[in-house]
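The block underneath contains the structure these notes are about, expressed in structure tokens.
Keep in mind the model is a prediction, meaning the values are calculated, not measured. FYI, side chains are in, hydrogens and waters are out, and symmetry mates aren't considered; it's all heavy atoms of this structure. Per chain, numbering begins at 1; letters A, B, ... match sequence-line order.
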Protein chains: 2
Amino acid sequence: MEDEVRQPTDGPLYTRLRDHLAAEITSGRLAAGTRLASERALSERYGYSRLTVRRALADLEEAGLLVRRRGSGTFVAERLIRKNVRGLASFSEDMRQRGLTPGSIVLRQELVFLEEEQAQMLKVAAHEGAVCLRRLRLANDVPMALETVFLPAALCPGLVRRTDLDRVSLYEVLEREYNLSADYAEEVVEAVNASEEVARLLRVAPGSALLRIRRLTSAKDRGPFEYVESLYCGDKYSLGLNVRRLGQ
Amino acid sequence: MEDEVRQPTDGPLYTRLRDHLAAEITSGRLAAGTRLASERALSERYGYSRLTVRRALADLEEAGLLVRRRGSGTFVAERLIRKNVRGLASFSEDMRQRGLTPGSIVLRQELVFLEEEQAQMLKVAAHEGAVCLRRLRLANDVPMALETVFLPAALCPGLVRRTDLDRVSLYEVLEREYNLSADYAEEVVEAVNASEEVARLLRVAPGSALLRIRRLTSAKDRGPFEYVESLYCGDKYSLGLNVRRLGQ
DNA sequence: AAGTGGTCTAGACCACTAG
DNA sequence: TAGTGGTCTAGACCACTTA
């Protein structure tokens with residue numbers, strides 16, 4: 001086995017171990033069902049305390065990559081319902097995780113004023129401008145979703161004039177150029193019927209069931225910076241969730 | 001403030017503290033925006049180590065009830081989009097949390113054999129029986145969802161003959177009589193168009209968009225025990241989610 | 001400068017699983 | 001009975017926020 005952890009000087013110890021193991025699992029080098037070394041063994045192998053190892057393993061269990069069984073060991077998870085938990089992945093990442101090739105067609109890219117509800121959520125004054133970006137999102141060149149993003153203009157000067165948003169990931173641009181990286185989001189998921197216009201764009205029959213996901217995304221310690229409304233084709237997209245009991 | 005933790009002899013220390021604080025917050029005794037005592041102070045007040053306190057706070061942050069800011073403190077979260085995260089709540093609990101009165105009409109209650117996919121998920125042999133319970137779920141006497149539950153018959157003997165499932169919560173019965181309490185679930189959420197039959201039951205137009213939620217529920221250390229397919233009226237129901245970044 | 005949450009250690013006991 | 005993961009402790013240093 002590989003005893004070294006990549007990205008050696010980056011971040012806390014537990015994240016390095018976690019990301020290292022995550023890579024081993026998602027790449028298939030650690031196959032589903034495989035039993036990992038015990039926590040004490042990992043602790044010794046990597047030179048981390050057991051608690052640090054446990055923190056890494058806990059994150060991976062939370063993410064559904066590992067299953068831990070008391071008295072028995074820690075195993076690479078076999079999925080029950082095939083998982084496709086999106087977490088905070090962008091559309092592009094999400095599609096790649098599903099084994100599809102993402103694509104985009106920019107339909108609208110301009111400065112607008114926000115409606116009051118959205119202005120309030122994004123904590124901008126009603127008279128401040130926002131960048132509106134509407135893109136048809138493709139998977140293997142087939143329309144998968146219609147996505148409309150609103151960003152406070154003050155947070156991303158120049159974004160409205162970029163001409164590469166049909167090719168690059170918006171989230172990568174936001175992170176690299178504006179130091180805005182998604183850390184937390186609240187979403188509302190609903191089912192709606194496709195309007196004539198949306199149906200034409202998504203190439204489905206009018207009235208087709210769509211998954212509408214509205215998301216307010218926040219950056220670490222910088223508050224909300226993005227409001228997105230996405231309409232996913234109901235027959236092409238499903239949302240996977242892992243739900244855990246909290247109370248009791 | 002209250003220094004005592006209820007349910008004193010139950011479970012690990014961190015769950016007691018966590019549930020105690022969760023009750024304080026959801027009841028409103030700890031208002032949104034309130035700053036909690038520091039981890040060290042809580043540690044001293046309750047007589048728990050700081051790590052144990054941290055574990056409880058981490059769970060509550062994960063659940064979206066708390067926000068922790070380094071150098072600043074731990075605060076009761078203010079919701080941005082008003083939340084209606086279902087977690088593992090039953091339909092009845094879910095509706096009550098939304099301020100609606102739940103109701104039920106039993107449409108089907110019988111022993112069946114499972115299809116292979118479902119049998120596999122519930123880990124029962126194909127020839128073993130399962131209880132099938134289909135109920136129209138009402139909110140303020142208006143049809144809200146159509147819910148079909150499958151439970152391995154071996155786990156809940158006698159359930160198929162109960163006559164009160166239009167009045168009592170199935171989850172309460174399962175917990176009280178069969179020691180089956182939901183601890184974890186995997187869900188798949190999709191948008192679908194209502195069939196003629198479903199539309200008639202839900203009193204919506206055929207083709208209306210519905211939220212289909214399929215759930216495999218597991219009990220603590222007892223594995224999966226319930227498979228549910230729910231069809232929610234798209235115009236009456238929305239699903240709230242809090243999403244947090246895992247990596248980095 | 002004082003206080004906060006974030007990380008980390010070395011060690012301990014427990015409940016559970018397996019041979 | 002030996003090994004596993006689950007919980008818990010007492011202490012330490014760090015980065016960050018607030019004043």
Side-chain angles (χ1 to χ4, degrees), chain A residues 5 7-21 33-62 65-77 179 183-184 219-223 244-245, chain B residues 5 7-21 33-62 65-77 183-184 219-223 244-248:
Chain A
V5 175
Q7 317 165 332
T9 55
D10 244 337
L13 296 181
Y14 75 88
T15 63
R16 299 184 218 170
L17 178 54
R18 180 236 284 155
D19 297 346
H20 171 65
L21 291 173
T34 306
R35 197 184 120 158
L36 266 66
S38 77
E39 296 176 352
R40 288 163 182 84
L42 289 171
S43 164
E44 192 162 359
R45 181 193 303 175
Y46 291 103
Y48 302 157
S49 81
R50 190 178 157 213
L51 202 71
T52 301
V53 170
R54 276 182 63 72
R55 174 71 195 273
L57 297 183
D59 279 3
L60 293 167
E61 183 182 37
E62 175 72 26
L65 293 177
L66 293 178
V67 175
R68 300 201 275 180
R69 284 194 272 274
R70 184 196 308 221
S72 175
T74 299
F75 303 83
V76 178
N179 190 31
D183 177 67
Y184 173 73
K220 187 132 191 115
D221 299 323
R222 291 187 62 185
R244 225 166 291 272
R245 176 100 166 216
Chain B
V5 176
Q7 319 164 331
T9 57
D10 246 335
L13 296 181
Y14 75 87
T15 63
R16 299 185 218 170
L17 177 55
R18 180 236 284 156
D19 297 346
H20 171 65
L21 291 174
T34 306
R35 198 185 121 157
L36 266 65
S38 77
E39 297 176 352
R40 289 161 182 85
L42 290 171
S43 165
E44 191 163 359
R45 180 192 303 176
Y46 292 103
Y48 301 155
S49 80
R50 190 179 156 210
L51 203 70
T52 301
V53 169
R54 275 184 63 73
R55 175 72 194 271
L57 297 183
D59 279 3
L60 293 167
E61 182 180 40
E62 175 71 26
L65 293 177
L66 293 179
V67 175
R68 300 202 274 181
R69 286 195 270 273
R70 183 196 310 220
S72 173
T74 299
F75 302 83
V76 177
D183 178 67
Y184 174 72
K220 185 127 192 119
D221 299 323
R222 291 186 63 184
R244 225 166 291 272
R245 178 104 165 213
L246 175 62
Q248 200 45 252

Steps toward side-chain contact (heavy atoms from CB on, under 4.5 Å) verdict (B/Val76, B/Leu65) = CA-CA 6 Å; B/Val76 177; B/Leu65 293 177; over 6 Å; no

Earlier contact from the 5' end, DNA chain C, for A/Val53 and B/Ser72 | B/Ser72

When B/Leu51 and B/Ala41 are each assigned the nearest nucleotide of DNA chain C, the 5'-most assignment goes to B/Ala41

A/Tyr46 OH to A/His20 NE2 distance, which is reported to the nearest 0.5 Å | 3.5 Å

Short N-O contact, B/Arg68 and B/Glu39, less than 4.0 angstrom = yes

Do the side chain of B/Ser43 and the main chain of B/Tyr48 share a donor and acceptor less than 3.5 angstrom apart?
-> yes

Side-chain (B/Ser72) to main-chain (B/Arg69) donor-acceptor, under 3.5 angstrom = no

Just how far, in rounded Å, is [atom2] of [N] from [atom1] of [X]?
X	N	atom1	atom2	result
B/Asp59	C/dG5	CG	C1'	16 Å
B/Leu57	C/dG6	CG	C1'	13 Å
B/Arg18	D/dG6	CZ	P	14 Å
A/Leu42	D/dG3	CG	P	16 Å
B/Leu66	C/dT4	CG	C1'	15 Å
A/Glu39	C/dA10	CD	P	16 Å
A/Glu44	C/dT9	CD	P	14 Å
B/Phe75	D/dT17	CZ	C1'	10 Å

It should be established whether [X] places a side-chain nitrogen or oxygen under 4.0 Å from OP1 or OP2 of nucleotide [N].
X	N	value
A/Arg68	D/dG6	yes
A/Tyr48	C/dC8	no
B/Arg54	C/dG6	yes
B/Ser38	C/dT4	yes

Nucleotide of [options] approaching [X] most closely (side-chain heavy atoms):
X	options	value
A/Arg70	D/dG6, C/dT17, C/dG5	D/dG6
A/Arg50	D/dT18, D/dC8, C/dC13	C/dC13
A/Thr52	D/dT9, C/dT17, C/dC8	C/dC8
B/Thr74	D/dT18, C/dG5, C/dT9	C/dG5
A/Arg40	C/dC13, C/dG5, C/dC8	C/dC13
B/Arg35	C/dT4, D/dC8, C/dA18	C/dT4

Are A/Arg16 and A/Leu13 side-chain neighbours, meaning at least one heavy-atom pair lies under 4.5 Å?
-> yes

So do the side chains of B/Tyr14 and B/Asp59 get within less than 4.5 Å of each other, counting heavy atoms only?
-> yes

Using Watson-Crick and G-U wobble pairs with both distances under 3.5 Å, what is the 5'-to-3' dot-bracket string of DNA chain C, with [ ] for crossing pairs and | for pairs outside the strand?
-> ||||||||||||||||||.

Tell me what B/Arg55 touches on the nucleic acid: a base, only sugar-phosphate, or nothing, going by heavy atoms under 4.0 Å.
-> sugar-phosphate

Map B/Gly71 and A/Ala37 onto DNA chain D by nearest heavy atom, then report which one ends up closer to the 5' terminus.
-> A/Ala37

Is there a side-chain contact (heavy atoms from CB on, under 4.5 Å) between A/Leu66 and A/Leu57 once you walk through the steps?
-> CA-CA 7 Å; A/Leu66 293 178; A/Leu57 297 183; 3.7 Å; yes

